[in-house]
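The structure appears below as C-alpha cells.
Residue numbers begin at 1 in each chain, while the letters A, B, ... track the order of the sequences. Just the heavy atoms: all of them, side chains too, but no hydrogens, waters or symmetry mates, feed the values below.
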Protein chains: 2
Amino acid sequence: MTKRRYYTISELTAEFGITTRTLRFYEDEKLLNPERQARKRLYTPRDRTRLKLILRGKRLGFSLAEVREIIEMYDHAPGERGQLEKLQGRIAERQAELEQKQKDILETLEELNQVNVSVQQRLNELK
Amino acid sequence: MTKRRYYTISELTAEFGITTRTLRFYEDEKLLNPERQARKRLYTPRDRTRLKLILRGKRLGFSLAEVREIIEMYDHAPGERGQLEKLQGRIAERQAELEQKQKDILETLEELNQVNVSVQQRLNELK
DNA sequence: AACAATATTGACGTTTACGTAAAATGCGTA
DNA sequence: TACGCATTTTACGTAAACGTCAATATTGTT
C-alpha cells in the first residue's frame with residue numbers, strides 16, 4: 001500500500017504563499033479535490049502537484065480555464081484516434097504559445113539589459 | 001519615401017487584433033497619448049511602439065500596472081545616484097521574474113512534449 | 001469545562017480589463 | 001443635400017479571481 005501523506009490547508013498556504021480562499025476557490029473550480037476528515041480538508045500529494053501546476057500556469061499568464069485545459073492534457077483518457085489527434089493539435093497550439101512567450105521574454109530581457117547598461121554608465125560618470 | 005507619421009485607430013485595431021475600446025482604455029490609463037486632429041485620434045509611431053510593449057507584456061501575464069512600470073524604466077529621467085540605484089534594483093527584480101518564467105516555460109514545454117510522445121505511441125499502436 | 005487556535009461555510013465586495021449600447025459629430029461621396 | 005461610415009464621449013455592464021467579513025464548528029491544551 002502506497003504511503004499517503006496529507007497536507008493541511010495551512011501547510012499549503014504557507015508553502016506557496018497563497019490564502020485559504022484561493023485554495024477553496026480552486027476546489028470550487030474542480031481544480032483540486034482534497035479528501036475530508038470530518039469537515040477538514042486533507043490535501044493529497046496529487047492535490048499539491050496540481051496546485052504547483054496551477055501556480056506555474058498563473059505565473060505564465062494563463063487563466064484558470066487555460067490551466068485547466070493544460071492539466072487535463074496531462075491526465076487525459078486513452079481515447080480513440082480522433083480524440084488523440086485533436087489532443088495533439090491542442091498540444092501543438094500550447095507549445096506555439098509558449099514559444100511566443102519565450103521570444104517575448106528574450107526581447108524584454110535584452111531591453112532591460114540595455115537600460116541597465118545605460119544606467120550603469122551614468123552611475124560611473126557620477127563618480 | 002515618406003514614412004507615415006500617424007496611424008488611425010482602426011489601423012491599429014486591425015494590425016494588432018484589438019478593439020477601439022482597448023486603445024481608449026490604454027489612453028485613459030496614460031499608457032498611450034495620441035495627438036488629435038479635431039476630435040480624431042492620431043497615433044504616432046511612439047504610440048504604436050508602446051502599444052507593442054503593452055501587448056507583449058500582457059502576453060507574458062503582466063498586469064497593466066506592471067507593464068507601466070516596465071515601460072517607465074525604458075524612458076526614465078536621468079536622475080541622481082539614489083534614483084539610479086533604485087532603478088537598477090527594480091530592473092534586477094523584473095529580470096529575475098522573467099527568468100522564472102523562462103524556467104516555467106521550459107518545464108511546461110517538456111511536459112507537453114512527454115504527453116505528445118505518449119499520445120503518438122498510442123496512435124501508432126492503433127494502426 | 002473553558003479557551004485559544006484552526007477550519008468551515010456562506011455571501012457580499014473589490015479590482016482589473018475591458019464589453020457593449022446609446023447618442024452625437026465629422027467627412028467623403030452619391 | 002442627404003447619406004453612410006468612422007469616430008467620439010458617456011456610462012452602465014461583465015467575467016475572472018480572489019478579498020473580506022461573519023457566524024459556526026472542531027481540536028488540542030490548560
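Nearest heavy atoms, A/E66 versus A/G61: OE1-O, 4.2 Å.
Looking only at distances, a side-chain donor or acceptor of B/R50 sits under 3.5 Å from a matching main-chain atom of B/L31. Side chain of B/R94 to main chain of B/G89: no donor-acceptor pair is present (N/O by atom type, distance under 3.5 Å, no hydrogens or angles). Between the B/E80 side chain and the B/G82 main chain, a donor and an acceptor come within less than 3.5 Å of each other.
In this structure, B/R36 and A/K40 both approach DNA chain D, and ranking their closest nucleotides by distance from the 5' end singles out B/R36. Comparing B/Q37 and B/Y26 by the nucleotide of DNA chain C whose heavy atom lies nearest to each, the residue mapping closer to the 5' end is B/Y26.
From the 5' end on, the contacts that DNA chain D makes with chain A at under 4.0 Å to a non-hydrogen atom open and close at D/dA17 to D/dT27.
With hydrogens and angles left out, the side-chain atoms of A/E99 and A/Q95 include no donor and acceptor closer than 3.5 Å. Looking at A/T22 and A/T19, their side chains do bring a donor and an acceptor atom within 3.5 Å of each other.
Note: CZ (B/R41) to C1' (C/dG26) measures 14 Å, nearest angstrom.
Screening A/I54, A/V67, A/D47 for a side chain to side chain contact (heavy atoms under 4.5 Å, CB included) with A/Y26, the sole residue that qualifies is A/I54. A side chain to side chain donor-acceptor pair (under 3.5 Å) with A/D104 is found for exactly one of A/K101, A/Q102, A/Q100, namely A/Q100.
Using a 4.0 Å cut-off between a side-chain N of Lys or Arg and a carboxylate O of Asp or Glu, B/E85 and A/R122 do not qualify as a salt bridge. The existence of a salt bridge linking A/R56 and B/E111 is confirmed by a sub-4.0 Å separation between a basic side-chain nitrogen and an acidic carboxylate oxygen.
Phosphate contact (OP1/OP2 of C/dT9, side-chain N/O of A/R39, threshold under 4.0 Å): absent.
For the segment residues 11-25 of chain A, the set of residues with a heavy atom within less than 4.0 Å of an atom of DNA chain C comprises A/R21, A/R24, in numerical order. The stretch residues 61-73 of chain A has no heavy atom under 4.0 Å from DNA chain C, so no residue of it qualifies as close.
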